[in-house]
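What follows is a short report on a single structure.
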2 protein chains.
Amino acid sequence: MRGRPRTFDREKALRRAMMVFWERGYEAASLEDLTEAMGINRPSLYSAFGRKEDLFREAVALYDTIETAPIVNAVEDSPTAYAGIEAALKRNIEVFTRAKTPRGCLVTLALLSGRKENSEIRDFLCENRRSGQALLRRRIERGIAEGDVPAKADPDRMALFYTTVIHGLSVQAKDGITHEDLCSTADAALAAWDRLAGGPAPKPASGQL
Amino acid sequence: MRGRPRTFDREKALRRAMMVFWERGYEAASLEDLTEAMGINRPSLYSAFGRKEDLFREAVALYDTIETAPIVNAVEDSPTAYAGIEAALKRNIEVFTRAKTPRGCLVTLALLSGRKENSEIRDFLCENRRSGQALLRRRIERGIAEGDVPAKADPDRMALFYTTVIHGLSVQAKDGITHEDLCSTADAALAAWDRLAGGPAPKPASGQL
DNA sequence: TCCTTTATATACCGATCGATACATTATTGA
DNA sequence: TCAATAATGTATCGATCGGTATATAAAGGA
């Protein structure tokens with residue numbers, strides 16, 4: 001390639017930008033905060049990532065890759081829908097309270113209220129949240145298909161409930177609630193499972209599996 | 001009183017400021033947004049309410065008076081702890097989805113992430129959230145004392161769980177979830193009650209009440 | 001009537017916001 | 001060797017941020 005080579009690691013700079021957005025949210029993360037954390041100056045940021053909005057979208061994509069994707073895998077790899085939802089709750093809590101990263105979920109906390117000119121980014125984050133909800137819904141639907149969830153269960157409703165709890169856990173994590181208390185809260189949500197699913201999981205007929 | 005009389009209704013102006021903070025959050029509500037909504041200019045705002053931070057604290061106090069206090073009363077006036085928590089959920093949903101006011105809870109959504117120089121306001125809001133949690137805890141403790149909640153129930157844990165759900169409902173309301181779906185989610189949370197309380201409510205001995 | 005007091009309106013403060021112009025430096029291809 | 005290309009550092013842009021100085025207007029008290 002022609003031209004002067006880049007003197008910084010683009011991926012590492014993006015990861016640091018992600019941390020700033022995670023800590024401060026979208027609007028409160030200033031270009032000065034970002035460039036300082038990334039170790040570069042403004043023109044380098046703009047040539048490598050585009051505008052602040054572009055950088056943020058890429059930071060969210062990186063968050064999805066680093067933080068969300070393993071949770072998605074855990075949900076899908078769990079043997080039952082219940083175990084999948086439990087994994088979603090517990091693994092999110094691990095992320096929300098990890099010592100080396102900011103508390104709570106970037107996608108949930110970065111922009112709830114805000115300036116009206118940032119409504120597109122708010123919608124972008126909302127869509128991301130809905131995709132997490134869709135993940136849980138599909139896992140419960142699969143549970144019905146595979147027989148570990150009663151057929152009369154309502155996957156939409158259950159996914160909405162557990163997604164709502166996860167959003168609440170983000171707020172609580174940001175407020176400094178302990179890991180232990182968050183886990184206790186997740187268990188409380190799971191305690192509703194049988195009644196939400198319309199009874200305990202039907203026992204598969206012997207030899208069916 | 002001496003001096004030129006005020007030409008605006010202080011209470012009405014405060015209510016409009018509250019709406020702006022409710023809609024945009026603390027940081028994104030600019031003085032221009034505020035003065036325009038309040039129908040006054042900056043010096044009038046400063047002489048009547050002090051700095052932006054002072055105005056915000058007073059707006060939150062008004063929110064507590066107008067929106068929160070009736071919910072507090074409903075929780076405390078409910079005949080049982082279960083009915084009290086149910087009232088807290090349902091009445092919050094009414095507030096979060098009311099057509100004439102912004103969606104979600106001002107206290108929860110106004111400042112989660114943000115600039116580090118606003119950490120005092122974040123703590124102020126966090127304290128407000130914790131007081132809501134304490135309200136639920138006390139109502140459950142009273143339920144134990146009055147016999148409508150089993151003695152082995154954990155009021156701290158139950159209050160934390162239902163408060164977390166309410167925080168999640170704020171996020172969902174902001175995301176545009178329907179009133180019906182929010183109610184369905186609240187019912188899902190209430191479905192965990194018996195297992196959280198350690199069994200259904202003990203039946204009072206006949207003649208005890 | 002006139003002075004004191006308080007509110008109003010205009011205009012502006014320094015600081016910071018996101019975003020760039022410009023000149024310089026470093027590299028590749030011809 | 002040198003033009004073309006791309007990244008860097010500095011310095012700055014206009015807009016907006018929260019917050020005020022200043023002058024004027026409107027009331028009460030002496």
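We name chains A, B, ... by the order of the sequence lines, and we start the count at 1 in each one.
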Listed by chain and number, what are the ring-ring contact (aromatic ring centres under 6.0 Å, His included) partners of B/F124, not counting sequence neighbours?
-> none
Within residues 3-42 of chain A, the residues having a heavy atom closer than 4.0 Å to DNA chain C are A/G3, A/R4, A/P5, A/A29, A/S30, A/L31, A/E32, A/R42
Residue of the set B/W22, B/Y26, B/F49 for which ring pair (Phe, Tyr, Trp, His ring centres under 6.0 Å) holds with B/F56 | B/Y26
Set of salt bridge (Lys or Arg N to Asp or Glu O under 4.0 Å) partners for A/E58, sequence neighbours left out | A/R10
Nucleotide D/dC17, atom P - distance to NZ of B/K52 in whole Å | 9 Å
Of all the choices, D/dT8, D/dG18, C/dA7, which nucleotide is nearest to the side chain of A/S44 once you look at every atom?
-> D/dT8
Check: B/L160 main-chain N/O paired with B/T163 side-chain donor or acceptor under 3.5 Å | no
Quick one: does A/R157's side chain have a donor or acceptor within less than 3.5 Å of a partner on B/S184's backbone?
-> yes
Out of D/dG18, D/dA21, C/dT5, minimum distance to the side chain of B/R2 belongs to C/dT5
Between C/dA19 (P) and A/L55 (CG): distance, integer Å = 10 Å
Sub-3.5 Å donor-acceptor pair from the side chain of A/D54 to the main-chain atoms of A/R51, do we have one?
-> yes
